[in-house]
Protein chains: 2
Amino acid sequence: MSSKREALINAAKDLLWERGYEAMSPKAVLRASGAGQGSLYHHFEGKRDLAATALEEIGAGLRESFDKRLDPSKPAIKRLEAYLDTPREALKGCRFGRLSHEQAIADPVLNPIVGDLFTHFEKRLTATVREAQKDGDLPTALKAKEIALMLAAIVQGGYVLSRIRQDEAPFTQAIRGAKSALRALSTNST
Amino acid sequence: MSSKREALINAAKDLLWERGYEAMSPKAVLRASGAGQGSLYHHFEGKRDLAATALEEIGAGLRESFDKRLDPSKPAIKRLEAYLDTPREALKGCRFGRLSHEQAIADPVLNPIVGDLFTHFEKRLTATVREAQKDGDLPTALKAKEIALMLAAIVQGGYVLSRIRQDEAPFTQAIRGAKSALRALSTNST
DNA sequence: GTCTATAGCAGGATAGAC
DNA sequence: GTCTATCCTGCTATAGAC
């Protein structure tokens, strides 16, 4: 069977989060997984193929937890808050966002894996903002897509600020700023 | 004299922006600067020292243009908009923000160079938000520091989203969302 | 100050035995 | 399917001539 295959993928998932793509060396993957060179190149074409497989799995997990957070049982404005309130490891960074400044993000194989998930986020957030506007919880003068991208940017930018400062506080505070801004917009739009 | 020294620093500045720290190889710096190995290791202790020098210069430039943008001749709320409206190359990324997910950001020599500038940004933005509140242009219920970090995060996150999507639009739209949100908050706070 | 030559080491992939 | 041994390349730094 392919017990080593799974071990390799899991090790790659960890290392992609900890170090990113370029700094994820096959050697480190082998060490972390307990597999030998042969297993890696038997199951995968190479580093990029392994990373692609690992990223697909990571993406599936991220998408699932995102969709769960935006489950339409609560009012739209609460779902936006829930998105902001998603528990996140500010100092480790976003598993996908951290790849954004690597060369790998322009790779034709790897880019869609990351990009398609963000497109999904953007669409769902935009629809949710629009719904909140219909509910009278956000001003209709705002463009839904712009607010959606703004919220996604706050999360991604929060990671950046926290990593630079080596402190969780900037992330937490940026998120709190976003939530209180939403609330201030909300109370004035009725 | 040290004409090669300047050439090395300038090449490093370019490469740090294009590729980041880890991917900036001394060999590439030499090629781009036209200098030989000897010059590099004569003027600098090594790659890290060269990068530190280059980052200091980059940081000085960023600080100057930031301070110019927030010059207190205009009302505070306009200065916040001017900050958001700073011309930026969305697809190249922030010269400092792009380092946030590299190991180098935790380096005791390099981190302060980047971190101190962001601390400066945060302080100045916070003071500006507070001033806008006093002017009656933003709700006093908001915490100035949180809004300041939120704005900085939107810029940094905009870069991330644009790089992931390989498209300037997400950056532009996130910024537009922030500006219209500020305006919506502004018209309601008087 | 600047150059070329070279060293030591790690990244990424291949070969071939078991 | 999995292993170890090996290869080639490029990164970072040092040595020593000019």
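Per chain, numbering begins at 1; letters A, B, ... match sequence-line order.
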What's the separation between atom CD in A:E89 and atom CZ in A:F171, rounded to the nearest 0.5 Å? 10.5 Å
Test side chain to side chain contact (heavy atoms under 4.5 Å, CB included), reference A:T128, set A:R79, A:K123, A:Q133, output is A:R79
Roughly what angle, to 10°, lies between the helix axis at the start of the helix from C:dG1-D:dC18 to C:dC18-D:dG1 and the one at its end, five pairs per end? 10°
Between A:R130 and A:A144, is there a donor-acceptor pair closer than 3.5 Å when you use the side chain of the first and the backbone of the second? no
Just how far, in rounded Å, is P of C:dT4 from NE2 of B:H42? 16 Å
Is B:S3 close enough to C:dG1 that one of its side-chain N or O atoms is under 4.0 Å from OP1 or OP2 there? no
Within a radius of less than 6.0 Å around NZ of B:K78, do more than 12 heavy atoms belonging to other residues, nucleotides or ligands occur? no
Looking only at side-chain N and O atoms, does A:H43 come under 4.0 Å of OP1 or OP2 in D:dT2? yes
Starting from P on C:dG1, measure out to CG on B:L30 and report it in whole angstrom. 18 Å
Which letter, B, S or -, goes with each nucleotide of nucleotides 11-16 of chain C from 5' to 3', with contact meaning a protein heavy atom under 4.0 Å? BSBB--
Answer yes or no: is there a donor N or O on one side and an acceptor on the other, between the side chain of B:N111 and the main chain of B:D107, under 3.5 Å? no
Can a cation-pi geometry be assigned to A:K47 and A:Y21, taking NZ or CZ under 6.0 Å from the six-membered ring centre and within 45° of the ring axis? yes
Nearest-Å distance for atom pair CZ/P, residues B:F44 and C:dG1: 12 Å
Enumerate the residue pairs fulfilling ring-ring contact (aromatic ring centres under 6.0 Å, His included) with a member in residues 69-113 of chain A, sequence neighbours excluded, ordered by first and then second residue. A:F66-A:Y83
Donor-acceptor contact below 3.5 Å, side chain B:R63 vs main chain B:H120: no
B:R5 CZ to C:dC3 P, straight-line distance once rounded to whole Å: 16 Å
